[in-house]
Every structure is written in C-alpha cells, then in structure tokens.
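One structure is given below, encoded as structure tokens.
Below, all heavy atoms of this structure are taken into account, side chains as well, without hydrogens, waters or symmetry copies. Just so we're on the same page: letters track the sequence lines, and every chain starts at 1.
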Protein chains: 2
Amino acid sequence: MGNIPSIKPTESELEILQILWQLGKATVRQVNNELSKMKEVGYTTTLKLLQIMHEKHIVSRTEEGRYHLYQAEIGEEQTQQLLLGKFVDATFRGSAMKLVMQALGNQEVSLDELDEIKKLIAEKEKNLNL
Amino acid sequence: MGNIPSIKPTESELEILQILWQLGKATVRQVNNELSKMKEVGYTTTLKLLQIMHEKHIVSRTEEGRYHLYQAEIGEEQTQQLLLGKFVDATFRGSAMKLVMQALGNQEVSLDELDEIKKLIAEKEKNLNL
DNA sequence: TTTTATTTACGAATGATTTCGTAGCAAATA
DNA sequence: TATTTGCTACGAAATCATTCGTAAATAAAA
C-alpha cells in the first residue's frame, strides 16, 4: 500500500476497489456478490477484472486453500486524491473552488457536516496566515 | 440548451466542451487550434469528434458559408453538476461531504476563496434552520 | 484557367475496457 | 467411486472511444 498511485483505475476497477476498501480481504465470490447488488455481472467477469487488477498491481492476492483472497493495494484516500485532481482539471478547469461551491450548493450536506467544514476552513485560514 | 444532459460526455468531448464554453461559437479550425495548445491532435480528429458530438446533440452547428460553426448544446454548470454527481457516487460512495473535505484539504484554495465558501455555508445554514 | 489549400464526410484501424465462454482442476456430494 | 459443484486461467468477442487517411467539393491563389 505504499506506492503513490499514478495509474487511474477504470470505472469497473473503481467499483471493485470500493468493495475491497470496505471488506478488506475478499474472495472473487464475495466481490461478485457485492457487485451483483448493484448490477448484473457474471462471475468470470469479476474474476477477470480482479486478475487484470492484480497484473497492474492495483490489488494483491494470497492463496487461501483453494481460493484467492484479494486486497486493495492502493489506498482509498490516495486514490480519491488522484481522481479528484484529474476531475477538477477536466471538469472545473482546475478550480477546486468551483467544485466545492457546486458540491456545497447542490449536493446533500447536513448541518453537522457544514460545521465540520467550517472547522476545516478555520484550520486552513490559520495556516495560510502564517 | 434546454435539455438536462443525461449522457455523459467522454473525456475528449469534455475537452472540446470546455473550449466551446469559452469561445461560444467556433469553427473546427478554432477548436483544433485551442486543442493543439494542450496536445498533439490532427485536424480531422477534432472534426470527427465534433461530428460525433453533433450526432449526439451535445453540440449544435450552423453553416456559415463554407464552414460550420459549432456551439455547445449542453450548459457548463448543468454538465458539471451531472459529472459531479456521478463522480461523488463513484469515488466517494455518494458522500459530497468527503469530497469537499478532501478538496479543501489538498487542493489549492486561497484565503479569499475560503471566505466565499464561508458565505455559502452561512447561507446554507440559514436555509437548513428554517 | 490551373493549381493549391481548406473544408466536410466517412470508413476503417487502433487501442482500451468490459464481458463471457470454455477448459482444466480440485473439492464436495451422491 | 462417479458425479456435480465451484474455483482459476485464459482467449477471444463485443463494445466503446480515439485517431487518422482518403475522397469530394469549393474557395483562394497563382
């Protein structure tokens, strides 16, 4: 889990990563079950994707008797950071500010969450003032 | 420019949309010139993309003498909203909050911008308290 | 007028991603 | 033991996005 991810996972890969981040280690079967809650997907499709991800070192795996246990090799926050950067560039021409404004303006955010954000902003302001 | 965009523009299409949003109306040549500032790209590649986007009704075009003037048919904010929603779901499992925290935490945001965000938060809080 | 340049249209190659069928093994079950 | 079930490996088809070459038409330049 050390490497900074420079490779961008594809959409399907990201779906699988989400599952692995939640489950920790998981068999193909488990991943496929989770995936099936969201969409129709054949078992060997999931298997193949995990194999490809393994080749790319996005996931590691250990043999546990007859099956393989897969585990994310790239961190969740790290990956979110990478994807966020690219997304901001592509969609908001690099302006994180505009993205935040739109997210706050139109997505669901609760009062408590707004408080948390205020705290973070206070922190940031402190640092910027140094 | 009325329709809510339900189709997700591809990455290349988004690059072109960014240009059209800035230029308003533009010829293939103009779009290609802008694109060329960012990367190597053949003229007919740009042309083809615009034609495809036209088929998909992402852009409209008017004949102006010998050439065509292209124009975005989907709005910038509208599209950002759509993409943002999908991105939050795919990358932050639907939590706009987490996205905002990461964006504020790690992307470049200035003091003035933080102020603006504070104002927006104040607004939101007012509305939520009603 | 003839040549050159610029434009659109279009088909097709390339490349990446996703999906799935089949085969080969090993374990569980009848 | 024989059969069925469940697993991995792998190739290849299907889909989608991107890139570009060529042709035809028209305008501009020589």
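Distance A:Leu50 CG to C:dT19 C1': 14 Å, rounded to the nearest Å. If you measure from atom CD of B:Glu15 to atom P of D:dA17, you get 15 Å, rounded to the nearest angstrom. In this structure, the NE2 atom of A:His54 is 13 Å from the C1' atom of D:dA9, given to the nearest Å. If you take NE2 of B:His68 and P of D:dA25, they are 15 Å apart, rounded to a whole angstrom. Protein atom CE of B:Met38 is 15 Å distant from nucleotide atom C1' of D:dT18, rounded to whole Å. When the C1' atom of D:dT18 is taken as reference, atom CD1 of B:Ile52 falls 8 Å away, rounded to whole Å. Summarising the geometry, the separation between CG on B:Leu49 and P on D:dC16 is reported as 17 Å, rounded to the nearest angstrom. One can place OH of A:Tyr67 at 9 Å from P of D:dT8, the figure rounded to the nearest angstrom.
In terms of position along DNA chain C, the nucleotide closest to A:Ser12 lies nearer the 5' end than the nucleotide closest to the other residue of the pair A:Arg66 and A:Ser12. Each of A:Arg61 and B:Lys39 has a nearest nucleotide on DNA chain D; the 5'-most of these lies closest to A:Arg61.
Counting non-hydrogen atoms under 4.0 angstrom, A:Thr10 reaches the backbone sugars and phosphates but no base. Across all strands shown, A:Gln51 has heavy atoms under 4.0 Å from base atoms, whether or not it also approaches the sugar-phosphate.
Applying the 3.5 Å distance criterion, the base of D:dG11 shares a donor-acceptor pair with the side chain of A:Lys48.
Under 4.0 Å is where a charged nitrogen must lie from a carboxylate oxygen, and between B:Asp115 and B:Lys118 at least one such pair does. Taking a cutoff of 4.0 Å between a charged side-chain nitrogen and a carboxylate oxygen, A:Lys37 and A:Glu34 qualify as a salt bridge.
With a 4.5 Å cut-off on side-chain heavy atoms, B:Thr91 and A:Phe87 do not count as touching.
For B:Thr44, no side-chain nitrogen or oxygen approaches OP1 or OP2 of D:dG21 to under 4.0 Å. Distances shorter than 4.0 Å separate some side-chain N or O of B:Tyr43 from OP1 or OP2 on C:dT8. Distances shown here put every side-chain N or O of A:Arg29 at or beyond 4.0 Å from the OP1 or OP2 atom of D:dT8.
The line from CG of B:Asn106 to CD of A:Gln81 is 4.0 Å long, rounded to the nearest 0.5 Å.
A donor-acceptor distance shorter than 3.5 angstrom exists from the side chain of A:Thr27 to the backbone of A:Gln30, with no hydrogens or angles considered.
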